[in-house]
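Every number for a ligand or one of its atoms is a count from 1 in the order of the listing.
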Amino acid sequence: MTTQLTNLLDFDPAQLAAYCAGLGEKPFRAKQLQRWIHQFGASDFDEMSDLAKSLREKLKAGATIAAPAIISDHTSADGTRKWLLDVGQGNAVETVFIPEENRGTLCISTQAGCAVNCRFCSTGKQGFSRNLTVAEIIGQLWMAEFELRRSKGIEPGPKGERQITNVVMMGMGEPLLNFEPTVTALKLMLDDNAYGLSRRRVTVSTSGVVPMIDKLSQDCPVALAVSLHASNDALRDGLVPLNRKYPLVELMASCLRYLEYAPRDFITFEYCMLDGVNDTDEHARELVALVRNGAMPVPCKFNLIPFNPFPESGLKRSNNARIKAFAQVLMDAGIVTTVRKTRGDDIDAACGQLAGEVQDRTKVQERMQKMVEYQKKFGPGFGRIVEVRK
Ligand code: SAH
Ligand code: SF4
């Protein structure tokens, strides 16, 4: 008979303490264990030299530390690194690391597929498969931080230089429709005995699940990005179907309520630039009116995302001159506006491309089967290809 091992990556600090208490251990042992897991990236209990041998034996008998298996690992010419991760039953999700001068940002996924089905998003086009577990969400940060350190020869632990300084939940899925696991993972990101990230450096991006924006403000307020993409309800209804349930006036009101608890004093509005759909000066002026002139102005910044086309979308990216002119209207109104650089284009790691390799389920399944065969033959490290294209 095989016993199901408890995956310790599923536990927030309180749950890990409760688990340790169940083994007859004091709370400080849970802290030590948590540091081994989340600060040293340990997955082998025997490495945990300051835990008593008896505790290590108990842990070995009942627990495991397991993140999703890596299917592929690519590094782009600009340093962007993308992992495709196996989350079972033919599902795969992606995690992307984006290095910049003074920070390293990890973009993580919260669901396999997405039920919101925005018109311009290839994840949405895949449909919804399932929610990720806590271990699968925090496991992306755990895996990426320590993989990055290993490839650079940086020691694990608090003394080694931290590679990931910022986390954005902008990968596959709608984080606020997988609320509890997302919040548990957020708590670990913020915990001093885990990753110790400040609330300002962790961003949840949402298509606008209004009740859950309120709940997030109470349970774990972090920086908030809202995917707006449209300046009026008629347009947004067609681009982000969730708008029919939570129209703009309700969304704006929830943003204002959120700001009372948020670690930053603005909301970031994301706006995907779609040629001839939402990108005229008139749309920009309507946006200014929406966030400024309404009954309740919302302190905000805009992040314009050049649309990343994919074959079935039937949509095109606005040209650079249009994006610039659009940004100018917002900036002339005094709204801080940035245009997102597309990163990792050569490895399909740009926004909304994250499903690229996942769309064809049979292809992924074939690849994973092959990988298992190869790993049996050549050892578990096989297939962790790191491609650096110059
Ligand atoms: N579901 C959440 C978070 C994941 S999507 C949300 O919608 O906010 C992260 C961001 O990528 C969102 O702003 C989304 O609108 C944007 N995005 C999706 N598909 C895109 C595409 N093809 N091109 C550019 N941005 C895209
Ligand atoms: Fe889901 Fe976000 Fe894509 Fe919309 S943009 S389908 S909410 S992942």
Angle between ring planes, F302 versus F269, binned at 30° and 60°: parallel, tilted or perpendicular? tilted
Consider only side-chain N and O atoms of E174 and T110, and report whether a donor and an acceptor are under 3.5 Å apart. no
Distance filter under 4.0 Å to G124 heavy atoms, resulting ligand 2 atoms: 6 (S)
So for V226 against ligand 1, with non-hydrogen atoms under 4.0 Å, the contacting part is neither
Got an N/O contact under 3.5 Å between S205 and ligand 1? yes
What I want to know is whether R340 and ligand 1 share at least one N or O pair that is separated by under 3.5 angstrom. no
Student check: side-chain heavy atoms of N178 and M169 closer than 4.5 Å: no
Which heavy atom of the protein is the closest neighbour of atom 3 (Fe) of ligand 2, given with residue, atom name and distance? C121 SG, 2.4 Å
Would you mind telling me if ligand 2 is within reach of the side chain of N117, the backbone, both or neither, using heavy atoms under 4.0 Å? backbone
Nearest non-hydrogen protein atom, atom 1 (Fe) of ligand 2: C114 SG, 2.3 Å
Atom 2 (Fe) of ligand 2 sits nearest the protein heavy atom G173 O, 4.5 Å
Touching ligand 1 at all, G173? Heavy atoms, strictly under 4.0 Å? yes
At less than 4.0 angstrom from any non-hydrogen atom of C121, what atoms of ligand 1 do you find? 18 (C), 19 (N)
R29 and Q32 side chains, donor-acceptor separation under 3.5 Å: yes
Any heavy atom of H229 sitting closer than 4.0 Å to ligand 1? yes
Hphob cluster co-occupancy, L188 + F179, side-chain heavy atoms under 4.5 angstrom: yes
Between N166 and E100, a side-chain donor and acceptor under 3.5 Å: no
Can you find a heavy atom in the side chain of L330 that is under 4.5 Å from one in the side chain of V288? yes
Within reach of ligand 1, part of E174 (heavy-atom separation under 4.0 Å): both
Give the ring-plane orientation class for H229 versus F120, where under 30° counts as parallel, over 60° as perpendicular and anything between as tilted. perpendicular
Identity of the nearest option to atom 4 (C) of ligand 1, non-hydrogen atoms only, from G171, G124, S109: G171
Note: ligand 1 atoms sitting under 4.0 Å from heavy atoms of I305 are 13 (O), 24 (C), 25 (N)
Heavy-atom donor-acceptor pair, E145 side chain to I164 backbone, under 3.5 Å: yes
Over 60° means perpendicular and under 30° means parallel, so tell me whether F40 and W36 are parallel, tilted or perpendicular. tilted
Using non-hydrogen atoms of the residue, decide whether S122 is closer than 4.0 angstrom to ligand 1. no
Which atoms of ligand 1 are found less than 4.0 Å from any heavy atom of T206? 6 (C), 8 (O)
At their closest point, which heavy atom of M273 faces which heavy atom of F307, and how far apart are they? O-CB, 3.2 Å
For M169, is the nearest heavy atom under 4.0 Å from an atom of ligand 1? yes
Quick one: look at N308 and ligand 1, take heavy-atom pairs under 4.0 Å, and tell me if it's side chain, backbone, both or neither. both
Would you mind listing which atoms of ligand 2 come within a distance below 4.0 Å of any non-hydrogen atom of S207? 7 (S)
Please test D275 against R322 for salt bridge (Lys or Arg N to Asp or Glu O under 4.0 Å), starting from the C-alpha separation and ending with a verdict. CA-CA 9 Å; D275 181 44; R322 183 82 300 272; over 6 Å; no
Keeping R292 on the side-chain end and A333 on the backbone end, is there a donor-acceptor pair under 3.5 Å? yes
Polar contact flag for F120 and ligand 1 (N/O pairs, less than 3.5 Å): yes
Give a yes/no on ligand 1: does C272 have at least one heavy atom closer than 4.0 angstrom to it? yes
Closer than 4.0 Å to some heavy atom of E270 - which atoms of ligand 1 meet that? 10 (C), 12 (C), 13 (O)
Atom 6 (S) of ligand 2 sits nearest the protein heavy atom C118 N, 3.3 Å
Say whether M143 and I154 are linked into one hydrophobic cluster, either directly or through other cluster members, by side-chain heavy-atom distances under 4.5 angstrom. no
